[in-house]
J.: 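Quick one: structure below, then a few questions.
Numbered from 1 within each chain, the chains take letters A, B, ... in sequence-line order.
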Amino acid sequence: MSAAPYPASARLGETFFAHPVEDVAEALLGKVLVHRDREGLVALRLVEVEAYRGEGQDEASHAHRGPTPRNHQMFETPGRLYVYLCYGVHHCLNVVCEAEGRAAAVLLRGAEVLSGGSILARRRGHAGYGIANGPGKLAQALGADLGWDGRSLLAGETGFWPGPSPGEIRQTTRIGISRGRSDLLRFFDPASRCVSRARPVL
DNA sequence: CCATAGATTGACT
DNA sequence: GTCAATCTATGGA
């Protein structure tokens, strides 16, 4: 008999996210993002993330020039979501890290389906490894929108649980940015097919 | 006020 | 390979 999946006692808590953002980003690979709603339970194993450092430390970060109406959740306590609209079209999910006022966050860029495949496929319009192999796709699969901005991951319908660690972790430059191009802040599991198709600058 | 760039994706030549 | 979709933030007239 296996135990009930995703018990509250195993959920990642605030201390997991209250560390330097590069460390949290790397540690998030292999972790399982679980979301429950009226449609059911879905579980996604993270295989690609990027770290964005705090205010004034990272020219690529939305928080680089300080708080705005869009990014103000980045300045709140760790373990919550920062959700923004990218190119006016796609939603992207970030996890706030470090400490209140630091504005460091991890962008969720790619994940593998563990549970709820039919729900995720319905939201995305198709099945297969392209369900969540990109930040906008991952958000669409979850049904996330701006209403998720600021949502706590420490309790409630959305959160992280331990999962199978990657056998190997690869580190590269981040994708789609023009400033901060030389920082090696993208982390992914090279064994996964669900890494985003976009290529880093270097 | 207007122009432009941006942590993307899917459709199309 | 190119390009449009269309919201936020910033910088200049």
J.: Starting at atom CD of A:Q140, determine the distance to atom P of C:dA5, rounded to an integer number of angstrom.
T.: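 Value for this atom pair: 18 Å.
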J.: Should A:R65 be listed as having a side-chain N or O under 4.0 Å from OP1 or OP2 of C:dG11?
T.: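 So the side-chain polar atoms of A:R65 do come within 4.0 Å of the phosphate oxygens OP1 or OP2 of C:dG11, strictly under.
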J.: Given C:dA9, B:dA7, B:dT8, which nucleotide is nearest the side-chain atoms of A:R70?
T.: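 Ranking C:dA9, B:dA7, B:dT8 by closest atom to the A:R70 side chain puts C:dA9 first.
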J.: Could you tell me whether A:R124 contacts a base, only the sugar-phosphate backbone, or nothing, with contacts defined as non-hydrogen atoms closer than 4.0 Å?
T.: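 Sugar-phosphate contact only - A:R124 comes under 4.0 Å of backbone atoms but never of a base.
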J.: If I take atom CD1 in residue A:I175 and atom P in nucleotide B:dG6, what distance separates them, rounded to the nearest angstrom?
T.: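 About 16 Å, once rounded to whole Å.
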J.: Output the single nucleotide from C:dA9, B:dA7, B:dG10 whose closest atom is nearest the side chain of A:T68.
T.: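 Comparing C:dA9, B:dA7, B:dG10 against the side chain of A:T68, the answer is C:dA9.
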J.: In this structure, how many angstroms lie between the C1' atom of C:dG11 and the NE2 atom of A:H64, rounded?
T.: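 These atoms are roughly 15 Å apart.
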J.: Look at all strands and tell whether A:L85 reaches a base, only sugar-phosphate, or nothing, counting heavy atoms closer than 4.0 Å.
T.: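 Counting heavy atoms under 4.0 Å across all strands, the contact made by A:L85 is with sugar-phosphate only.
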J.: By centroid distance (under 5.5 Å) and plane angle (under 30°), are A:Y87 and B:dG6 in a stacked arrangement?
T.: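 One would not call A:Y87 stacked on the B:dG6 base.
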J.: How close or far is atom C1' of C:dC7 from atom CG of A:D149, stated in whole angstroms?
T.: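 It is 14 Å, rounded to the nearest whole Å.
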J.: Just so I know, are the side chains of A:V49 and A:L108 near enough to count as touching, which here means a heavy-atom distance under 4.5 Å?
T.: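 A:V49 vs A:L108: side chains touch.
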J.: I want to verify a distance call: between B:dT9, C:dA9, B:dG6, whose nearest atom is closest to the A:S178 side chain?
T.: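 Side chain of A:S178 sits closest to B:dG6.
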J.: How many Å lie between CG on A:L81 and P on B:dA7, as a whole number?
T.: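 After rounding, the reported distance stands at 19 Å.
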J.: Taking the C1' atom of each, how far is C:dT8 from B:dG10, in whole Å?
T.: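 Nearest-Å result for C:dT8 against B:dG10 at atom C1': 22 Å.
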J.: How many Å lie between CZ on A:F187 and C1' on B:dA7, as a whole number?
T.: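 Answer to the nearest Å: 15 Å.
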J.: Less than 4.0 angstrom between a side-chain N/O of A:R197 and OP1 or OP2 of B:dG10, yes or no?
T.: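 No, no such contact exists.
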J.: Just to be sure I follow the notation: if a pair is Watson-Crick (purine N1 to pyrimidine N3 plus N6-O4 or O6-N4) or a G-U wobble (N1-O2 and O6-N3), each under 3.5 Å, what dot-bracket string does DNA chain C give, with | for pairs to another strand?
T.: |||||.||||||.
J.: Test A:R174 against every option in A:D58, A:L107, A:L184 by the side chain to side chain contact (heavy atoms under 4.5 Å, CB included) rule and name the one that passes.
T.: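 For A:R174, the side chain to side chain contact (heavy atoms under 4.5 Å, CB included) test succeeds with only one of A:D58, A:L107, A:L184, which is A:D58.
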J.: Give the nucleotide from the list C:dA9, B:dT9, B:dA7 with an atom nearest to the side chain of A:H90.
T.: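 Among C:dA9, B:dT9, B:dA7, the one nearest the side chain of A:H90 is B:dT9.
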J.: Could you give the distance separating B:dA5 and C:dC3 at their C1' atoms, to the nearest angstrom?
T.: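 It works out to 16 Å between them.
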J.: Once you round to the nearest 0.5 Å, how far does CG of A:N94 lie from CG of A:L81?
T.: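 Interatomic distance, A:N94 CG to A:L81 CG, rounded to 0.5 Å: 8.5 Å.
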J.: To the nearest Å, how far apart are A:E50 CD and B:dG6 C1'?
T.: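 So the CD-C1' distance, A:E50 to B:dG6, works out to 14 Å.
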J.: Under a plain distance cut-off of 3.5 Å, with no hydrogens placed, do A:T173 and A:R181 share a side-chain donor-acceptor pair?
T.: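 No - no donor-acceptor pair under 3.5 Å links their side chains.
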J.: Let me check something: do A:V96 and A:L33 share a hydrophobic cluster, defined by ILVMFWY side-chain heavy atoms less than 4.5 Å apart, either directly or through other members?
T.: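 No: no chain of side-chain contacts under 4.5 Å links A:V96 to A:L33.
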J.: If you define the side chain from C-beta out and look only at heavy atoms, does anything of A:E48 sit under 4.5 Å from A:C194?
T.: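 When only atoms from C-beta onward are counted, A:C194 and A:E48 do not touch, as no gap falls below 4.5 Å.
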J.: Between A:G88 and A:G134, which has a closest nucleotide on DNA chain B that is more 5'?
T.: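 Closest to the 5' end, via its nearest nucleotide, is A:G88.
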J.: Quick test of your reading of the model: are A:R193 and A:E112 salt-bridged, counting only N-O distances below 4.0 Å?
T.: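 No, no charged N to carboxylate O under 4.0 Å.
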J.: Roughly, in whole Å, what's the span from NE2 in A:H91 to P in C:dT6?
T.: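 Between P of C:dT6 and NE2 of A:H91: 13 Å.
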J.: Side-chain heavy atoms nearer than 4.5 Å, only ILVMFWY residues, links allowed to pass through others: does that put A:W161 and A:I119 together?
T.: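 Result: no, two separate clusters.
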J.: Report the nucleotide, chosen from B:dA7, B:dT9, C:dA5, that has the shortest atom-to-atom distance to any side-chain atom of A:V89.
T.: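 The answer is C:dA5.
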